[in-house]
Amino acid sequence: QWKTARLLQVAEKGEPTQRTVLAELTCTFETAMAAWRDATADVVSGTLVAGGAVGLLLDSAGNAPIDDTVLTITASGAIASLQLSVLHLGVDLRWTGALASGSGLVIDCGNQTVTVNGADAYSGFALGSGHTALGWLPLPPGVWALQVTSDGPGTIRYSHYDQWL
């Protein structure tokens with residue numbers, strides 16, 4: 001497991017007689033991450049069809065909620081609108097814009113950024129009328145159904161790290 005942290009202080013309290021064989025260190029860290037992450041990310045993907053919807057099962061196997069999911073949509077044809085929803089969690093995310101074939105839309109729920117091929121595309125993002133969740137895609141422990149509706153073909157990739165307190 002891992003957590004990003006910054007080392008603030010190192011203190012050494014060794015005895016002079018042990019200085020060549022032993023060093024007792026006390027390290028102080030700070031972090032903005034509430035929970036520990038699994039060593040590897042969980043990834044789920046699906047295929048989008050024009051005018052259709054695909055369902056993905058999102059499994060949060062940890063004991064802490066996940067709020068830093070990353071969604072990547074890669075167009076295989078033109079996509080102008082997307083809707084991502086988890087009905088039971090009050091999630092209703094929408095994006096409108098121009099996603100050309102081969103382009104990638106990344107919705108980073110933790111950083112709350114939206115990009116197309118690395119360029120800012122936040123202006124096309126909106127929380128839909130059914131969005132009641134705190135944050136973009138908070139995922140409590142359990143299995144949840146994400147429905148993705150698209151007006152064009154492509155793929156969707158969902159990625160998160162299970163988190164533990």
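The structure presented is a predicted model; accordingly, all values stated were derived computationally and were not measured.
In this structure, CG in Leu99 is found 5.0 Å from CD1 in Ile79, a value given to the nearest 0.5 Å. Distance check: Arg157 CZ to Ser45 OG gives 8.0 Å after rounding to the nearest 0.5 Å. Residue Thr96 holds its OG1 atom at 9.5 Å from CG of Leu82, rounded to the nearest 0.5 Å.
Cluster membership for Tyr161 and Leu137, using ILVMFWY side-chain heavy atoms within less than 4.5 angstrom, is not shared. Val106 and Val148 fall into different hydrophobic clusters, where Ile, Leu, Val, Met, Phe, Trp and Tyr are joined by side-chain heavy atoms under 4.5 Å apart, directly or via other members. Under a hydrophobic-cluster definition in which Ile, Leu, Val, Met, Phe, Trp and Tyr are linked whenever side-chain heavy atoms come within less than 4.5 Å, directly or via other members, Leu139 and Leu127 are assigned to the same cluster.
Val43 and Ser159 make their closest contact through CG2-OG, 4.2 Å (heavy atoms, listed as atom of the first residue, atom of the second, distance).
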Side chains of residues 11-18: which donor-acceptor partners sit under 3.5 Å, not counting sequence neighbours?
from  : atom 1 : to    : atom 2 : distance (Å)
Glu12 : OE2    : Gly14 : N      : 2.8

Show the atom names and distances, to 0.1 Å, of all donor-acceptor pairs under 3.5 Å that link a side chain in residues 47-63 to residues at least two apart or in another chain.
from  : atom 1 : to     : atom 2 : distance (Å)
Asn63 : OD1    : Leu165 : N      : 2.9

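In terms of the salt bridge (charged side-chain N to carboxylate O under 4.0 Å, His left out) criterion, Asp67 has no residue partners (sequence neighbours excluded). Trp144 pairs by the ring-ring contact (aromatic ring centres under 6.0 Å, His included) definition with nothing, not counting sequence neighbours. By the side chain to side chain contact (heavy atoms under 4.5 Å, CB included) test, Ser76 is found to be paired with Pro153, residues two or more places apart in sequence or in another chain being considered. Residues meeting the side chain to side chain contact (heavy atoms under 4.5 Å, CB included) test with Gln9, sequence neighbours left out: Thr28.
The stretch residues 75-100 participates, sequence neighbours left out, in these salt bridge (charged side-chain N to carboxylate O under 4.0 Å, His left out) pairs: Asp92-Arg94. For residues 114-142, the set of pairs meeting the side chain to side chain donor-acceptor pair (under 3.5 Å) definition, not counting sequence neighbours, comprises Ser103-Asn117. Applying the salt bridge (charged side-chain N to carboxylate O under 4.0 Å, His left out) test to every pair with at least one member in residues 95-112, sequence neighbours left out, gives no pairs at all. Applying the salt bridge (charged side-chain N to carboxylate O under 4.0 Å, His left out) definition to pairs two or more places apart or across chains, those involving residues 24-44 are Arg6-Glu30, Arg37-Asp68.
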Practice task
Applying side chain to side chain contact (heavy atoms under 4.5 Å, CB included), run through Trp2 and Met33 and close with a yes or a no.
Solution key: CA-CA 10 Å; Trp2 62 275; Met33 295 178 156; 3.6 Å; yes

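Phe29 belongs to a hydrophobic cluster with Leu7, Val10, Leu25, counting contacts under 4.5 Å between side-chain heavy atoms of Ile, Leu, Val, Met, Phe, Trp and Tyr, direct or through other members. Using a 4.5 Å cut-off between side-chain heavy atoms of Ile, Leu, Val, Met, Phe, Trp and Tyr, Leu22 falls into a hydrophobic cluster with Val21.
Counting only distance, with no hydrogens or angles, the side chain of Ser150 and the backbone of Gly152 share a donor-acceptor pair below 3.5 Å.
When each of Thr69, Val70, Leu71 is paired with Ile107, the side-chain contact (heavy atoms from CB on, under 4.5 Å) condition holds for Leu71 and for no other.
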